[in-house]
Amino acid sequence: MASIQLETKQDYLDLFKQINQPLRQHYQGKARIMFGSNGVGYGTRIAGIEGFARMLWGAGPAIGQLAADWQKEIREGLLAGTDPQSPDYWGDLHDRDQRMVEMPAIALALLHDDHYLWRQFSALEQDQVATWLKQIFAHSCSDGNWQFFKILVYQVLVHLDVDVDSSDAEAAMIKIEQCYRADGWYQDSARGREDYYTPFAFQYYGILYSKLAPDDPQSEVFRQRAREFAGQFIHFFAADGANVPFGRSLTYRYAAVAFWVAMIYADIWPEKTAVIKGIINRNLRWWLQRPIFDESGLLTLGYSYSQLLMTEPYNSPTSPYWANKIFLLLALPQTHRYWQTVETELPQVPTKKLLAVPHLLASHDAGHTVLLNAGQPGPNYHALTNEKYFKFAYSSQFGFSVPRQNQLKEEAVMDSMLGLQTIDTTMTASRGGQNIVETGMFYSRNNVTDVTQTDDYVASTWRINNVMQARTWLIPLAGWQIRLHHISVKQTCVAYETGFAVADSPDTPGKVTTTDHSSAFRGPAGFTGIVDLTPQVLTQKDATIDGFPNTNLMTPEIVALPGRQTTLTAGEHWLVTGVYAHADLPHATAKWAQQPLAKLTDDYFEVQLAASKVTIKLR
């Protein structure tokens with residue numbers, strides 16, 4: 001697939017077919033597609049509906065361009081799934097039902113290509129399909145992006161001349177508005193966070209709404225928010241096409257560019273068509289060069305390879321096909337400017353950009369995009385919340401790691417974190433062939449308060465318990481990541497801090513170098529280093545480890561994770577840390593050779609590297 005050209009409409013149609021054709025071998029009955037043996041929170045019966053419906057995110061826009069037998073399968077599946085007398089019936093809905101998630105793809109498929117599918121049904125069949133869809137208005141659903149499912153299904157039914165009460169859709173729109181924050185960002189419910197659900201859910205659905213209801217004043221609101229968000233979201237991408245992994249639902253992979261696809265579909269930024277085509281195409285190429293498909297061509301659960309550790313309780317084997325949202329492009333006519341436009345490179349952006357709503361400070365360094373993260377306050381209820389939302393930094397080149405346990409450092413793989421633990425929590429580990437008793441089960445940042453943001457730094461306070469708490473400032477400086485920690489402990493504790501994790505395959509091993517104040521790794525996949533910049537002398541030791549395979553999102557290999565460890569006596573302590581990492585070894589070597597200088601007084605902190613300097617008032 002990586003060799004497919006991404007220029008013409010036929011190119012994208014070919015890609016859609018190659019990605020989705022393997023699904024057709026896994027029908028269970030006429031209306032479900034299911035494969036694999038992994039469990040999911042809503043059960044495999046509904047997962048089969050998901051498999052059928054998520055193909056429709058692309059098959060709907062492409063419906064008139066598909067082979068006759070493929071069209072027939074879709075028509076028969078829609079009728080069987082909505083027929084209460086059929087053994088393949090999709091069933092009656094209940095409150096907060098996963099089937100609601102799949103309804104927009106089913107409904108919109110009826111609308112594409114001048115109601116191509118809908119017109120092939122008899123009046124009785126149309127009534128059957130509409131009756132099944134209308135169930136969504138009789139039940140409650142989550143107060144976040146799910147409210148758009150009611151709104152979109154309602155709009156489709158109106159376009160199909162189906163009689164439907166508008167009151168539930170109107171109430172849903174009010175709830176969507178309650179999720180809006182600023183700068184194009186949405187919070188996914190009162191408990192939710194700001195993450196990729198803004199671009200590939202809220203923004204995507206809002207843009208679709210603006211096409212379905214162009215005369216509604218709310219449509220212009222959605223379009224304006226999309227323009228604002230584009231200026232924020234471009235900072236999630238790197239020049240090579242990679243998007244920075246952050247937050248949940250990362251197994252949807254190239255759905256990351258669904259927002260840009262919707263922008264093209266709705267002609268919201270026509271003057272930026274070449275730029276947007278470049279973002280979409282580079283991202284697709286980046287993904288297609290990675291082993292995200294199994295031997296039979298099916299998308300796997302994982303990120304850049306098959307990996308169950310990072311998935312969510314609601315991820316079934318068919319879930320990754322939500323990424324078919326990008327094939328909305330196939331609804332564009334052959335004459336659309338997108339098909340005639342030549343893509344351009346990622347435009348020049350500032351080397352740093354504050355994304356205030358999600359509390360992220362983006363940093364761009366010679367093709368490497370990093371998001372420094374102050375953290376988002378709120379309850380933790382997602383799988384691996386600490387890893388997905390509370391690390392200090394997220395990288396387009398090195399991603400982040402998820403733990404297999406939290407005892408050995410090698411299994412916790414706490415990259416871009418500071419772990420704290422009292423010295424009485426110990427375990428026996430094997431180090432260099434020797435049994436060594438050491439501190440284990442470190443606690444890391446899992447919630448934040450008192451978030452401060454400027455164009456130069458972000459900061460927040462985090463508390464572990466009554467014994468340990470810290471305030472952390474994160475500063476991008478000429479490609480470096482500077483961390484300032486003010487740590488308060490009531491008894492002797494161990495602090496363990498790390499940089500980025502980088503692939504260190506035994507086939508082509510890299511090399512670790514350490515000094516009294518720094519730990520660094522160089523290997524074929526790049527450079528990663530961490531150095532103590534604290535002005536007063538600290539007694540530290542190297543804590544570099546080889547993280548277990550299949551823990552990092554970007555590589556299944558063992559990863560080298562440079563770390564430093566410090567023992568803190570009861571009282572208050574200041575730590576200053578510099579982190580640098582880059583896939584380009586010569587570039588990284590030159591940057592590492594010129595390290596920042598830090599100055600810390602009672603009143604301010606100052607860090608400088610060449611002409612770049614940041615000063616923070618501490619009181």
Item to check | All ring pair (Phe, Tyr, Trp, His ring centres under 6.0 Å) counterparts of Phe246, not counting sequence neighbours | outcome: Tyr389, Tyr394
Item to check | Distance-only polar pair, side chains of Asp188 and Asn145, donor-acceptor under 3.5 Å | outcome: yes
Checklist entry - Should the heavy atoms of other residues, nucleotides or ligands under 6.0 Å from CD of Gln434 be counted, would the total exceed 12? => result no
Next on the checklist: Please report the interatomic distance CD(Gln407) to OG1(Thr425), rounded to the nearest 0.5 Å.
Outcome noted: 11.0 Å
Next on the checklist: Phe398: which residues meet the ring pair (Phe, Tyr, Trp, His ring centres under 6.0 Å) condition with it, sequence neighbours left out?
Outcome noted: His368
Checklist entry - Which atom pair, heavy atoms only, marks the closest approach of Asn447 to Gly378? => result ND2-O, 2.9 Å
Checklist entry - Judged by atom type as modelled, is there a donor-acceptor pair below 3.5 Å linking the side chain of Gln187 to the main-chain atoms of Ser189? => result yes
Checklist entry - Under 3.5 Å, side chain of Arg564 to main-chain N/O of Ser518, donor-acceptor pair present? => result yes
Checklist entry - Do Arg282's NZ or CZ and the ring of Trp286 fall within the cation-pi criteria of under 6.0 Å and 45°? => result no
Item to check | Nearest-0.5 Å distance that lies between atom CZ in Phe293 and atom CG in Leu299 | outcome: 4.5 Å
Checklist entry - What's the shortest heavy-atom distance between Thr601 and Leu618, and which atoms? => result O-CD1, 3.7 Å
Checklist entry - Between Tyr604 and Ile616, is any pair of side-chain heavy atoms under 4.5 Å apart? => result no
Next on the checklist: If we count only N and O atoms by modelled type, under 3.5 Å, do the side chains of Asn281 and Glu343 hold a donor and an acceptor together?
Outcome noted: yes
Next on the checklist: Return the CD to CG distance between Gln307 and Leu250, rounded to the nearest 0.5 Å.
Outcome noted: 10.0 Å
Item to check | Chi angles and distances behind the side-chain contact (heavy atoms from CB on, under 4.5 Å) call for Phe259, Tyr204 | outcome: CA-CA 5 Å; Phe259 164 75; Tyr204 188 88; 5.9 Å; no
Checklist entry - Do Val458 and Leu354 have side-chain heavy atoms sitting under 4.5 Å apart? => result yes
Next on the checklist: Any donor-acceptor pair under 3.5 Å linking the side-chain atoms of Thr472 with those of Trp462?
Outcome noted: yes
Checklist entry - Heavy-atom distance under 4.5 Å between the side chains of Phe390 and Thr385, does that happen here? => result yes
Checklist entry - For Thr300 and Arg253, what are the C-alpha separation, side-chain angles and deciding distance, and is it a side-chain contact (heavy atoms from CB on, under 4.5 Å)? => result CA-CA 10 Å; Thr300 59; Arg253 295 181 171 113; 3.3 Å; yes
Next on the checklist: For a quick test of reading the model, state the closest non-hydrogen atom pair linking Thr498 to Val579 and the distance between them.
Outcome noted: O-CG2, 4.4 Å
Item to check | Shortest non-hydrogen contact between Phe527 and Val502, atoms and distance | outcome: O-CG2, 4.3 Å
Checklist outcome for this item: Between Tyr457 and Ile475, the two heavy atoms sitting closest are CB-CG1, 3.7 Å
Next on the checklist: Hydrogens and angles aside, do Glu497 and Thr577 bring a side-chain donor and acceptor to less than 3.5 Å of each other?
Outcome noted: yes
Checklist entry - Is the number of heavy atoms from other residues, nucleotides or ligands under 6.0 Å of Tyr443 OH greater than 12? => result no
Checklist entry - Taking the six-membered ring for Trp, are the ring centroids of Trp473 and Phe605 within less than 6.0 Å of each other? => result no
Next on the checklist: If you compare all heavy atoms of Val244 against all heavy atoms of Ser395, which two are closest, and at what distance to 0.1 Å?
Outcome noted: CG1-N, 3.8 Å
Checklist outcome for this item: Residues passing the side-chain contact (heavy atoms from CB on, under 4.5 Å) test with Ile558, sequence neighbours excluded, are Pro506, Asp546, Pro549
Next on the checklist: Which label fits Tyr252 and Phe200: parallel for a plane angle under 30°, tilted from 30 to 60°, or perpendicular past 60°?
Outcome noted: perpendicular
Item to check | side chain to side chain donor-acceptor pair (under 3.5 Å) contacts touching residues 610-619 (sequence neighbours left out) | outcome: Asp603-Arg619, Glu606-Thr615
Checklist entry - Is the distance between the ring centroids of Tyr580 and Trp480 under 6.0 Å? => result yes
Checklist entry - If you measure only the distance, is there a donor-acceptor pair under 3.5 Å linking the side chains of Thr452 and Arg471? => result yes
Item to check | Atom pair CG/CG of Leu301 and Leu309 - distance to nearest 0.5 Å | outcome: 12.0 Å
Next on the checklist: Go through it in stages, so that I can follow the logic: the residues are Thr566 and Asp532, the test is side-chain contact (heavy atoms from CB on, under 4.5 Å), and I'd like the CA-CA distance, side-chain angles, deciding distance and then a yes or no.
Outcome noted: CA-CA 10 Å; Thr566 310; Asp532 173 35; over 6 Å; no
Checklist entry - Can Arg483 be said to sit on top of Phe392's aromatic six-ring, NZ or CZ under 6.0 Å from centre and within 45° of the ring axis? => result no
Below 3.5 Å, can you tabulate the donor-acceptor pairs from side chains in residues 232-239 to any protein atom, sequence neighbours excluded?
residue: Gln232; atom: OE1; partner: Trp185; partner atom: NE1; Å: 2.9
residue: His235; atom: ND1; partner: His364; partner atom: NE2; Å: 2.9

Checklist entry - How about Asn315 and Thr251: does a side-chain donor come under 3.5 Å of a side-chain acceptor? => result no
Item to check | Non-neighbouring partners of His359 that pass ring pair (Phe, Tyr, Trp, His ring centres under 6.0 Å), sequence neighbours left out | outcome: none
Checklist entry - With a 3.5 Å cut-off and no angle check, do the side chains of Asp542 and Ser519 form a donor-acceptor pair? => result yes
Item to check | Point-to-point distance, once rounded to the nearest 0.5 Å, from CG of Leu553 to OG of Ser304 | outcome: 6.5 Å
Checklist outcome for this item: Quick note, salt bridge (Lys or Arg N to Asp or Glu O under 4.0 Å) partners involving residues 347-373, not counting sequence neighbours, are Lys352-Asp456
Checklist entry - Listed by chain and number, what are the side-chain contact (heavy atoms from CB on, under 4.5 Å) partners of Glu572, not counting sequence neighbours? => result His486, Ser488
Next on the checklist: Listing request: all salt bridge (Lys or Arg N to Asp or Glu O under 4.0 Å) pairs with a residue in residues 386-407, at least two apart in sequence or in separate chains.
Outcome noted: Glu312-Lys388, Lys391-Asp415
Next on the checklist: Ignoring hydrogens and geometry beyond distance, is a side-chain donor-acceptor pair present between Tyr197 and Ser249 at under 3.5 Å?
Outcome noted: yes
Checklist entry - Side chain of Gln491, backbone of Ala570: donor and acceptor closer than 3.5 Å? => result no
Next on the checklist: Could you tell me if Tyr254 and Arg285 have a donor-acceptor pair between their side chains, going purely by distance under 3.5 Å?
Outcome noted: no
Checklist entry - Does anything in residues 416-442 pair up under salt bridge (Lys or Arg N to Asp or Glu O under 4.0 Å), and if so which pairs, sequence neighbours excluded? => result Lys409-Glu438, Glu410-Arg431, Arg431-Glu438
Item to check | Residue Lys272 excluded, over 12 heavy atoms near NZ under 6.0 Å | outcome: no
Checklist entry - Would you say the side chain of Glu194 lies within less than 4.5 Å of the side chain of Arg181, judging by non-hydrogen atoms? => result yes
Item to check | Derivation and outcome, side-chain contact (heavy atoms from CB on, under 4.5 Å), residues Met441 and Met427 | outcome: CA-CA 9 Å; Met441 297 188 70; Met427 64 176 298; 5.8 Å; no
Next on the checklist: For the OG1 atom of Thr589 and the CD atom of Gln594, what is their distance to the nearest 0.5 Å?
Outcome noted: 12.5 Å
Next on the checklist: Please list all pairs meeting salt bridge (Lys or Arg N to Asp or Glu O under 4.0 Å) that have one or both residues in residues 366-375, counting only residues at least two apart or in different chains.
Outcome noted: none
Item to check | side chain to side chain donor-acceptor pair (under 3.5 Å) partners of residues 370-381, not counting sequence neighbours, each pair once | outcome: Arg193-Asn380
Checklist entry - Hey, is the main chain of Thr369 close enough, under 3.5 Å, to the side chain of Ser396 for a donor-acceptor pair? => result yes
